[in-house]
Every structure is written in structure tokens, then in C-alpha cells.
Amino acid sequence: MMDEEQDRISNLSDDVLAHILSFLELRDAFKTMILSKRWEKVWTLTHSINLNNKSCVRRFDQRLSLDKEIRRRTTFINFINGVLFGDNMIFPVKAFTLSYYFGYADFIRHRHSPYLIKWVDAVSTNDLEKFDFSISIDCTFPVLNMPPTLFQCQNLVTLSLESINRVLICFDVLETACLLSLKYLRLVKVRFEEENTLKNLLSGCPVLEELYMEPGDTGFKSIPHFYFISPSLKILRWKREEGFRGYFVVKAPKLEHLHFVEHSMLGFSMSVSPSLVSVVMDIGSSFGHHGHISVKKLFQGISNAQKLEWSTHHTFMAKVELDNLPEFCNLTHLKIGSCQDLYFVSSIIQHSPHLKHLIFDKDHFISGPMTWSPPLPVPPCLVSHLETVEIIAPEGQTSYEIELILYLLHKGKVLKKMIVTPFSCMDLRRKLWESPKAGGCKIVFSDFPAGGTSR
């Protein structure tokens, strides 16, 4: 009776035990086969392969036990081959997660590593629902071309490809992909061979909801345009701080969240999305003296946003274009980071009639000759909606920045709170306290945002 109570877990059904083991790394699940005859084949029912080979490799410059490393690596490779092709085969594979580090043994004995592509090809069936592949290396290694079978998995829901340290993964979708169930796509330091690759890939993902892309240094230099065309996409995240000089076109009518970091683009255009909620734009041009990006195309597609975070880096926007900004009728939260021109601040406030919360983040104005000219007429939001203004890290304020802050304090008819962080700028504190206020605005000085001493 005591023995039965101590081993109650073995009385669970195979499905329940397989589900429990699916949360373990496969090598740990494999070890359960020694528990008893009951457990010999349970681990093969998990339909999940989760592997990380970092425990059996050393760094590239540690060669003292190369023979031992080669043996351990060979054992690891043989284990996966047995799982995918041998007597201990797991079939079908529904989830495949592999974090693979190329050690010195790979560089010596497996220079082309055909087994990696063989593994990917083996699990790329219509039973596959999750594919998460991450590779890293510190030495020279050929680029891995993903097999076309991976982009024909009709039940795949999550696809993540990541290269660490350098671009190691490449794929070329020459024909339309067939990822009919894919909802989440993540591509980090993945190289495309031609301009139509991304377009063809997205056209084969009819229910895609989230796309995250973080290109590497050599991933896209030869591609002039990137087209994000998706009827179902809700979240788009792009992060790249330098290297790519191209144009971006976004056509996603259901887009809700856009997070776009690109410091060297030539242009950006986006179709209007009625459901747009939040936008983060951190853009710029690192070439020449100034990059001139069309303001109309840039703002036309994001004008429906409710929340906007904006930063520009050495990007010139013509005054005549800023005078013709679209109306941001839904915008209630605006956060401004680095900014090339105070006139932009004036213009966007003027075109945001329902703005409630305004934040100037640290380093919000790029150093250089600028002047503050109060907008005429007084922006509607200052009269009826703006409730909170927050200035983060205002130390070293120039006169034009102080003029802007005092203007908001004086003209904000319904302003309830102005937060200044940190509070050590004594000259600004004095001017704020002495300045006439339009209403009963509380001035808060703080070492941290959203808290501190008030007056």
C-alpha cells in the first residue's frame, strides 16, 4: 500500500505523463526511461523536442580538451539523430526548440553541419505547431539556408529564427509560403536573398498577428524596399539602428501596435489603420548631413494612433510640411524623445486636439541652435484636454526649452499636474513657482517619474 502511494504518478495516463515531460529539456525527459518498465517509452510520446547543447561545448579559444569536446558533441548529435530517425524516434513532432552553439569541434569536424538542415527538414511537417531555432558562434561559419519545407507547415502557429553574434540563417521564399495557421513570426539576424522574399512570406501567412524583425548588419544591404503587407497583422516590431538604407511600406489594415526603430532609412509610408492604438517611432538617417523624409507619408498612416512615442535622429523635416500635418484626433498620450526641431513639437501639439498627457523624455532636444515660437492660435488641447505634462531629466535646460515649459504651464487651462524629474535644477524650480498658472496646476519635483515633492 505504501509503495502504491509513493508511485502514484506512474498510474497516470500516458497522455498526462507525456504532457508533464514536454516541459523538460528532452535529454532530461529521456532519463526517465530508467525509472521502470512503465517509463521506458513514455518520453517518446511527448511530441516535443526541446534541446540546448551549451552544456557540451566550450568557447572557441579553449582547446585543451578538444577530443573530449568532439566526443560529447558527437554524442549529442547522435542522440538527436536517434530521436528523429532511429529506434527512439519521436513522431509526430509538434514542438521543436533548439538552442545551438557552434563550438570549436564543429569548426574542425562539422564545418558545413548538414545535420542541422537535415533536422529542420525532418520536423517540417503539417504536424509541427511550434518551431524555435537559435544558433550562435564566435568563429567563421557558413550561412545556413533554411529548407523550403519549413515554410509549408500548414499547422505551424509560432516560428522563431534567431542568429546570435552574426548573421547565420538565410532563407529564400521563391514562391508563396503556405503557413496557413501562423500567428507569431520572429526573425532576428536573418538574411533575405531578394526583395520579394518578405512579401512572398507574408502573403502565405493569412492569419499572422505579430511580426518581430531585428535584422543583422549584413542581412538586407542589397534590398531597396521592404513591404509589410498583411491583412491580419496586429503587431509589427522592427528594430535596426544602422546599416540599411531603404524604403519601408506598411499595408496592414488591422494593425494595432507599431514599434519601429530604424536610424538610417530613406522613406516610410503606411496605409491608415482604423484600429491603431500605439506607435513607437525612433527614426533617423545616419548618412550625409541630413536625411529628408516625407512628412506626409510618414504621419499619414499613424494619425489614428491613441498613443505615440516619437524620436528622430538628425532627420530634417521641412517647415512647410510640418504646417500640413494630419489631425491626430485620437491621440491622448504623446511622448517625445530626441528631437531635431522645436517646430515639430509645436506642430504636433497644434494638430492633436484631444491630447491629455505629454512627456518630454531625457535628451529630448538635440543640441544646436533652435528657437521656440509659440504656436498660433493656442492649440485646442491646451484649452480643453491637456491634464499632465512630464519633463524627464531637464538639467542643463537651455532658454528655449524653459520657454516651452513655461508656455505649457501658462496656457494649459485644464492642466492638473506638471512633473519635473529630477528636481535639482534650482533655476527651473524657481521659474516654475514664480510663473503665472492658467489653472490650479500642481508642480511636482521628483527624483523619479510620477512621484516627488509638490507645490
Side-chain donor/acceptor of S232 to backbone N/O of L208, under 3.5 Å: yes
Among residues at least two apart in sequence or on other chains, which ones pass side-chain hydrogen bond (donor to acceptor under 3.5 Å, both in side chains) with S134? none
In terms of the angle between their ring planes, are H385 and H354 parallel, tilted or perpendicular, with boundaries placed at 30° and 60°? perpendicular
Which residues satisfy the side chain to side chain contact (heavy atoms under 4.5 Å, CB included) test with S160, sequence neighbours excluded? D132, R186
Mark yes or no for whether N330, through its side chain, and N304, through its backbone, hold a donor-acceptor pair below 3.5 Å. yes
Kindly indicate whether the side chain of K189, heavy atoms from C-beta on, has any atom under 4.5 Å from the side chain of I169. no
Is the distance between the ring centroids of F96 and F133 under 6.0 Å? no
Listed by chain and number, what are the ring pair (Phe, Tyr, Trp, His ring centres under 6.0 Å) partners of H259, not counting sequence neighbours? none
Side-chain donor-acceptor contacts of residues 267-277 below 3.5 Å, not counting sequence neighbours, with atom names and distances?
from, atom 1, to, atom 2, distance (Å)
S273, OG, P253, O, 3.2
S273, OG, L255, N, 3.2
S273, OG, L255, O, 2.7
S275, OG, K254, O, 3.3
S275, OG, L255, O, 3.3

Can you list the residues that meet the ring pair (Phe, Tyr, Trp, His ring centres under 6.0 Å) rule with F171, with sequence neighbours excluded? F151, F192
Test side chain to side chain contact (heavy atoms under 4.5 Å, CB included) applied to N145 - qualifying residues, sequence neighbours left out: C170
Test your reading of the model: is there a side-chain donor-acceptor pair from H351 to the backbone of S347, 3.5 Å cut-off? yes
Going by side-chain hydrogen bond (donor to acceptor under 3.5 Å, both in side chains), S278 matches just one of K307, H333, H257. Which one? H257
In short, C153 meets L128 closest at the heavy-atom pair SG-CD2, 4.3 Å
Quick one: are the ring centres of F228 and W238 less than 6.0 Å apart? yes
